[in-house]
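To start, the structure itself, in structure tokens.
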Amino acid sequence: MSVILRLLTVVGSHRKCHATTLPPLTFFFTRQLQSFSSQEILHYRLQRCSSMAHLKLLHAHIVVLGLSQENFTLGKLISFAAVDERGDIDYAALVFNRIPQPNRFMFNSLIRGYSNGSRGPSEAIAMYREMLSSGVSPNEFTLPFVLKACAVESSHWLSTLLHGHGIKLGICSHVCVQNALMNALIGFRMTSDARKLFDEIDEKSLVSWNSMIGGYSRAGQTMEAFNLFRRMKEFRVGPDEITFVSLLSACSQARDSDLGMLVHLFIEMTGVQADLILRNALLDMYGKCGHLDSAEKIFRQTPEKNVISWTSLVTAYARHGCIKSARELFAQMPIRNAVSWNSLISAYLQNGQFGEVLSLFEEMQDSGFIPDEATLATVLSACAQIGDIATGKRIHAYACETNLIALPIALANSLIAMYAKCGEVATALDIFREVQCKNLVSWNIAMGCLALQGCGAEAIELFREMEALGIQPDGITFTGLLTACSHSGLINLGRYYFERMMSVHSIPPEIEHYACMIDLLGRGGLLEEAIMLVGTMPMRADIVIWGSLLGACRIHKFAEMGRVLLKQLLELLPHSSGLCVLLSNLYSEAGRWEDRRKIRKIMNDTGVAKCDAISYIEIDGLVYEFMVDDRRSRWPNSIYPVLDRLTDHLKLEVPSGTL
DNA sequence: TTAGGGTTAG
């Protein structure tokens with residue numbers, strides 16, 4: 001039968017080309033064809049369908065042959081339109097909606113199509129509901145697709161309900177249903193529950209192993225992923241290319257090139273076919289781990305690269321300081337998408353080239369690419385850094401236009417940060433209050449920004465609100481809270497929260513928490529307590545800590561203590577420009593010009609350069625960049641008298657020695 | 001009578 005069916009294609013093509021003069025062999029098979037019904041031939045052609053145009057032609061045949069009521073035939077038609085990547089789900093739905101009593105196969109095809117689609121999986125769930133209300137019973141083919149839709153929609157309660165349906169229908173023992181339930185839990189980040197389910201699967205398939213290894217990889221649990229990989233051997237299950245992709249992804253996230261290289265070796269030893277996805281995963285692993293030569297080698301050896309191959313290498317260059325190479329490679333890309341643009345744009349953000357971020361954003365739109373949430377969040381971050389509130393507001397308006405119902409939480413958080421850092425604290429708080437599904441990041445941003453803007457009391461109030469709502473804080477929350485205490489001079493409250501952070505919330509203090517506390521104590525004149533705290537730190541004090549301490553010495557006129565501290569530190573960190581500048585300033589204030597000259601000479605001789613601090617100001621929608629003593633001719637002369645007046649005003653307001 | 005699940009870039 002299959003031989004004859006294969007030959008049918010030959011007959012079909014001959015009919016097109018040689019309608020009048022068929023060769024004798026083809027003529028023989030044409031006679032054989034007569035033994036098949038028109039319906040059988042149609043089914044065969046539907047199975048071999050190659051495009052929507054082809055499908056529509058076959059649909060016309062169905063109508064002409066009077067088979068419009070044949071559910072089996074229509075099922076095949078719907079299946080192609082709904083499921084095949086060359087299909088059209090709307091066409092499938094159109095046909096489906098004209099069928100008086102659609103069967104289970106048709107429902108399953110549409111649910112599968114919707115769960116794979118880019119328009120969102122809610123239609124898959126709606127179709128499942130319609131299936132139930134039509135009295136059509138789901139089977140083991142139905143549940144995996146609805147569960148997939150649930151995982152994307154984050155409908156944990158719905159997946160629990162479906163689990164119940166599965167038990168009632170007696171299909172939960174099917175390995176595909178179990179894998180789908182496990183994958184839903186992985187999607188909800190309930191990795192340990194997924195593992196329990198995995199352990200309960202009697203006859204695990206390769207997909208079960210790959211799903212769980214992939215789950216650990218996505219959760220950043222690298223060791224668990226590798227432990228499970230080792231156990232595959234005990235169960236006599238051989239890995240495939242998908243197993244290796246998940247393992248490499250785990251290595252990339254952990255920046256563990258040793259493990260990654262072992263996986264590479266294993267791939268070569270097992271002789272698994274390295275397809276494009278696996279090559280891309282290898283490229284990404286080497287790129288993220290900073291092995292640019294190996295990443296380039298894989299890139300060169302990949303014959304048919306896709307946009308992911310190119311973007312992975314652009315990202316690798318950008319993240320390892322080769323921004324010029326990243327830009328050049330980006331220019332050579334034969335195909336780009338929003339992710340490629342975002343990769344380059346965020347590279348400039350990380351590099352502190354905020355003006356370049358904004359011009360690339362313009363270029364991206366001029367090239368016809370639609371910015372997505374990640375683009376907007378990156379550009380908002382640049383706006384926040386340079387105080388470009390005008391562009392920030394334009395992005396806000398754009399985001400509201402394109403997200404008619406609600407702003408995605410990550411974007412809302414970026415907006416809160418942008419407004420707060422640009423000084424519009426009230427607008428930032430309005431957005432924060434309006435966001436329905438705030439996450440911990442939202443609270444941390446709002447609190448941190450209030451603290452930095454000097455609104456310490458408001459930040460502390462926000463923390464109390466958080467506690468009252470039962471939201472568990474993290475280390476970042478406490479950095480904001482302690483900064484708020486420090487900037488408001490609330491020494492006792494700072495001590496209280498620093499202690500509670502460990503005793504109540506079990507959060508071990510990191511170096512930034514110590515820095516806040518030392519700053520708080522130093523500003524309060526409690527130098528001795530601050531120095532003692534440095535002594536109790538489980539990690540080495542960094543330049544920020546010493547800077548806080550030295551700053552306190554300057555404010556409180558402990559000049560001699562500062563100089564002793566600094567000279568000792570300079571022996572430990574001779575190339576620290578920050579320390580050299582601090583010492584130089586201390587000598588200037590004490591009028592010790594010769595010592596100041598010496599330290600400046602050391603800086604010049606040893607190549608310790610003072611980093612130029614760039615400031616930005618936005619006036620009437622234009623962002624101006626300037627440095628200390630910056631008298632470049634492009635600024636209007638009228639700016640200088642204003643700056644001088646501001647400096648005089650500050651000198652009157654701020655205690656001497658702090659300016 | 002039709003068929004299914006797991007993987008890569010910002």
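Labels below follow one simple rule: chain letters A, B, ... track the order of the sequence lines, proteins then strands, and each chain is numbered from 1. Excluded from the calculations below are hydrogen atoms, water molecules and symmetry mates; all remaining heavy atoms, backbone and side chain alike, are included. This is a predicted model, so every value here is computed, not measured.
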Rounded to the nearest Å, what distance is computed from the [atom1] atom of residue [X] to the [atom2] atom of nucleotide [N]?
{"X": "A/Ile171", "N": "B/dA3", "atom1": "CD1", "atom2": "P", "answer": "18 Å"}
{"X": "A/Leu247", "N": "B/dT7", "atom1": "CG", "atom2": "P", "answer": "13 Å"}
{"X": "A/Ile308", "N": "B/dT7", "atom1": "CD1", "atom2": "P", "answer": "13 Å"}
{"X": "A/Asp372", "N": "B/dA9", "atom1": "CG", "atom2": "C1'", "answer": "13 Å"}
{"X": "A/Tyr317", "N": "B/dA9", "atom1": "OH", "atom2": "P", "answer": "19 Å"}
{"X": "A/Asp84", "N": "B/dA3", "atom1": "CG", "atom2": "P", "answer": "14 Å"}
{"X": "A/Leu206", "N": "B/dT7", "atom1": "CG", "atom2": "C1'", "answer": "11 Å"}
{"X": "A/Leu313", "N": "B/dT8", "atom1": "CG", "atom2": "C1'", "answer": "14 Å"}

Which nucleotide wins on minimum distance to the side chain of [X], given the candidates [options]?
{"X": "A/Ile277", "options": "B/dT1, B/dA3, B/dT8", "result": "B/dT8"}
{"X": "A/Ile242", "options": "B/dT7, B/dA9, B/dA3", "result": "B/dT7"}
{"X": "A/Lys76", "options": "B/dT2, B/dA9, B/dA3", "result": "B/dT2"}
{"X": "A/Asn280", "options": "B/dT8, B/dA9, B/dA3", "result": "B/dT8"}
{"X": "A/Val245", "options": "B/dA9, B/dT7, B/dA3", "result": "B/dT7"}
{"X": "A/Asn139", "options": "B/dA9, B/dG5, B/dA3", "result": "B/dA3"}
{"X": "A/Cys176", "options": "B/dG5, B/dA3, B/dT1", "result": "B/dG5"}
{"X": "A/Ser246", "options": "B/dT1, B/dA9, B/dT7", "result": "B/dT7"}

Does [X] reach a base, just sugar-phosphate, or nothing at all? Heavy atoms under 4.0 Å.
{"X": "A/His174", "result": "base"}
{"X": "A/Phe145", "result": "sugar-phosphate"}
{"X": "A/Lys288", "result": "sugar-phosphate"}
{"X": "A/Arg112", "result": "sugar-phosphate"}
{"X": "A/Asn108", "result": "base"}
{"X": "A/Ile345", "result": "nothing"}
{"X": "A/Ala180", "result": "nothing"}
{"X": "A/Ser205", "result": "base"}
{"X": "A/Val175", "result": "base"}
{"X": "A/Arg319", "result": "sugar-phosphate"}

Geometric cation-pi criterion A/Arg336 and A/Phe369, 6.0 Å radius, 45° cone:
no
If you draw a 6.0 Å radius around CD in A/Glu268, do more than 12 non-hydrogen atoms from other residues or ligands fall strictly inside?
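Enclosed: over 12 neighbouring heavy atoms sit under 6.0 Å from CD of A/Glu268.
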Got [X] and [Y] here, is their nearest side-chain heavy-atom distance under 4.5 Å?
{"X": "A/Gln353", "Y": "A/Ile323", "answer": "yes"}
{"X": "A/Met182", "Y": "A/Leu185", "answer": "no"}
{"X": "A/Tyr91", "Y": "A/His59", "answer": "yes"}

Classify the side chain of A/Asn306 and the base of B/dA9 as holding, or not holding, a donor-acceptor pair under 3.5 Å.
no
Quick one: does A/Ser208 reach the base of B/dG5 with a side-chain donor-acceptor pair under 3.5 Å?
no
Evaluate the ring planes of A/Trp209 and A/Phe198, with Trp represented by its six-membered ring, and classify them as parallel (under 30°), tilted (30 to 60°) or perpendicular (over 60°).
perpendicular
Taking the ring centre of each residue, are A/Phe361 and A/Trp341 less than 6.0 Å apart?
no
OP1, OP2 of B/dT7 versus side-chain N and O of A/Arg218: anything below 4.0 Å?
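Result: yes.
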